[in-house]
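These notes concern the structure reproduced below.
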Amino acid sequence: MTPSTPSVDRSLPSQADGARRTTGRLFIISAPSGAGKSTLCRAVRQRLPDLRYSISHTTRSPRGEEKNGIDYHFITQAAFRKGIHAERWAEWAEVHGNYYGTSAEFIDRALGEGCDVLLDIDVQGMEQILKRYPDSVTIFIMPPSLAVLRQRLQDRGTDSAASISERLDNAAEEIKRRKRYRHIVVNDRLEEAVEKLTAIVAAGRTGRFNTAGANLDRNK
Ligand code: ADP
Ligand code: 5GP
């Protein structure tokens with residue numbers, strides 16, 4: 001079952017309300033697979049419609065209802081490798097046996113146009129992006145527990161037992177690295193998690209927290 005998400009809140013600040021910036025800002029969201037990152041990103045994008053979303057490239061096959069060019073750009077391993085040689089990726093990583101990469105051209109064009117961008121990428125990708133774009137805002141989504149995470153992956157019904165088991169093994173490792181993120185949001189009750197995540201992104205857009213060294217001084 002897909003939980004329902006809150007509707008658009010037009011009272012939230014858009015980028016135009018924020019400090020006068022000539023370039024946009026990146027918002028990086030990571031989470032163990034199944035923690036609800038796609039669900040939360042969809043909800044935040046609904047609430048902040050002028051936030052651009054970086055559609056990643058991946059060599060994995062589409063899952064469930066996923067559509068090429070909307071959820072991911074699904075490409076071959078050969079095309080992905082070609083992209084590495086052509087320096088097409090702002091970051092790339094191997095995750096769960098597949099390759100994933102963020103288009104440098106998309107990011108640089110959006111930032112150049114003064115647009116803020118949401119990235120749904122893993123911890124390895126976050127570290128690469130931070131080196132290249134140090135004032136990015138980093139957010140880690142936590143499942144309430146590993147047992148709930150397993151249940152969500154099983155209920156989603158899109159992954160094989162072997163894939164679920166690999167994702168759970170990786171989750172423990174990913175969770176250990178959560179302290180590298182400035183913000184942590186626990187996705188227990190969906191509505192509450194959407195509120196928190198939207199508030200963090202909205203605050204980052206208006207510069208209501210200091211992002212210089214943001215990823216060094218988190219106090220959680
Ligand atoms: P991810 O993108 O992190 O892999 P998804 O967004 O696909 O995760 O969520 C995994 C499953 O958990 C989906 O079936 C989704 O509907 C469900 N889900 C997400 N958030 C919640 C929540 N807060 N409570 C209950 N189920 C949730
Ligand atoms: P999934 O296959 O479940 O959609 O994603 C698996 C993992 O890959 C998730 O942790 C997701 O955040 C990550 N991911 C998706 N796109 C990218 C990307 O472009 N770069 C990196 N490094 N990770 C990505």
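Note that ligands are numbered from 1 as they come in the structure, with each ligand's atoms numbered from 1 the same way. None of the values given here were measured: they were computed from a predicted structure. Position 1 is the first residue of the sequence, and the numbers go up from there.
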- Gap separating the CG atom of L48 from the OH atom of Y53, nearest 0.5 angstrom: 14.5 Å
- Message: Is the shortest side-chain heavy-atom distance between I107 and L119 below 4.5 Å?
- Response: yes
- Checking D116 side chain against G24 main chain: does a donor-acceptor pair fall under 3.5 Å? no
- Item | Region of S38 that comes within reach of ligand 1 [heavy atoms, distance under 4.0 Å] | both
- Query: Between R47 and E195, is a salt bridge (charged side-chain N to carboxylate O under 4.0 Å, His left out) present by the stated rule, with each step listed?
  - Reply: CA-CA 10 Å; R47 293 176 138 221; E195 287 296 332; 2.9 Å; yes
- Task: Please identify which atoms of ligand 2 are closer than 4.0 Å to at least one heavy atom of S33.
- Result: 3 (O)
- Applying side-chain hydrogen bond (donor to acceptor under 3.5 Å, both in side chains), run through S163 and R167 and close with a yes or a no. CA-CA 6 Å; S163 169; R167 282 161 196 269; 3.1 Å; yes
- Task: Please answer whether the main-chain N or O of E94 pairs with a side-chain N or O of Q124 as donor and acceptor at a distance below 3.5 Å.
- Result: yes
- Task: Check if A31 has a non-hydrogen atom at a distance under 4.0 Å from any atom of ligand 1.
- Result: no
- Message: How far is atom 3 (O) of ligand 2 from the closest protein heavy atom, and which atom is that?
- Response: R167 NH1, 2.9 Å
- Query: Backbone, side chain, both or neither: what part of L153 comes under 4.0 angstrom of ligand 1, heavy atoms only?
  - Reply: neither
- Can you sort out which atoms of ligand 1 are near S33, meaning under 4.0 Å from one of its heavy atoms? 4 (O)
- Item | Any D155 heavy atom less than 4.0 Å to ligand 1 | no
- If we only count N/O pairs under 3.5 Å, is G101 in contact with ligand 2? yes
- Message: Is V148 close enough to touch ligand 1? Criterion: a residue heavy atom under 4.0 Å from a ligand atom.
- Response: no
- Message: I'd like to know whether the aromatic ring centres of H57 and W92 sit less than 6.0 Å apart in this structure.
- Response: no
- Would you call R205 and D50 a salt bridge, taking side-chain N to carboxylate O under 4.0 Å as the test? yes
- At what distance is the nearest protein heavy atom to atom 9 (C) of ligand 2, and which residue and atom is it? K37 NZ, 3.6 Å
- Query: Should E91 be counted as touching ligand 2, given the test is an N or O pair under 3.5 Å?
  - Reply: yes
- Determine whether L40 and L190 make a side-chain contact, defined as any pair of heavy atoms from C-beta on separated by less than 4.5 Å. yes
- State the atoms of ligand 2, each with its element, that fall below the 4.0 Å cut-off from a heavy-atom position in A93. 22 (N)
- Item | Whether N187 side chain and A35 backbone form a donor-acceptor pair below 3.5 Å | yes
- Message: Can you name the atoms of ligand 1, numbered from 1 with element, that are less than 4.0 Å from a heavy atom of G36?
- Response: 1 (P), 3 (O), 5 (P), 6 (O), 8 (O), 9 (O), 19 (C)
- Query: Quick check: does H57 get an N/O under 3.5 Å from an N/O on ligand 2?
  - Reply: no
- Task: Name the closest protein heavy atom to atom 4 (O) of ligand 2, giving the residue it belongs to and the distance to 0.1 Å.
- Result: Y72 OH, 2.5 Å
- Message: Strictly distance-based, threshold 3.5 Å: is any side-chain N or O of R45 a donor or acceptor partner for the main-chain N or O of L51?
- Response: no
- Tell me, please: is A193 in heavy-atom contact with ligand 1, that is, under 4.0 Å? no
- Task: Identify the protein heavy atom lying closest to atom 12 (O) of ligand 2, giving its residue, its atom name and the separation to 0.1 Å.
- Result: D120 OD1, 2.8 Å
- Item | Nearest protein heavy atom with distance in Å, relative to atom 7 (C) of ligand 2 | V95 CG1, 3.7 Å
- Nearest-contact summary for atom 19 (O) of ligand 2 - protein heavy atom, Å: S56 OG, 2.7 Å
- Message: How about CZ on R156, more than 12 heavy atoms from neighbouring residues, nucleotides or ligands closer than 6.0 Å, or not?
- Response: yes
- Message: Could you check whether any side-chain N or O of T138 sits under 3.5 Å from a backbone N or O of R182, counting only pairs where one atom can act as donor and the other as acceptor?
- Response: yes
- May I ask you to list the atoms of ligand 1 that are less than 4.0 angstrom from any heavy atom of L190? 20 (N), 23 (N)
- Message: What protein heavy atom lies closest to atom 6 (C) of ligand 2? Include the residue and the distance to one decimal.
- Response: Y100 OH, 3.6 Å
- Please say whether R156 places an N or O atom under 3.5 Å from an N or O atom belonging to ligand 1. yes
- Residue D188 vicinity, atoms of ligand 1 by number, heavy atom under 4.0 Å: 22 (C), 23 (N), 24 (N)
- Item | ligand 2 N/O within reach of H96 N/O, cut-off under 3.5 Å | no
- With a cut-off of 4.0 Å, which atoms of ligand 2 are near a heavy atom of G125? 22 (N)
- Message: Tell me the protein heavy atom at minimum distance from atom 13 (C) of ligand 2, and give that distance in Å.
- Response: D122 N, 3.8 Å
- Flag, side chain of N68 to backbone of F74, donor-acceptor distance under 3.5 Å: yes
- Message: I want to know if ligand 2 touches R60 in the polar sense, i.e. an N/O pair below 3.5 angstrom.
- Response: yes
- Query: Is there a side chain to side chain contact (heavy atoms under 4.5 Å, CB included) between V186 and K196 once you walk through the steps?
  - Reply: CA-CA 9 Å; V186 179; K196 272 192 193 149; over 6 Å; no
- Message: Heavy-atom contact check, 4.0 Å cutoff: does A31 meet ligand 2?
- Response: yes
- Item | Donor-acceptor contact below 3.5 Å, side chain T102 vs main chain S56 | no
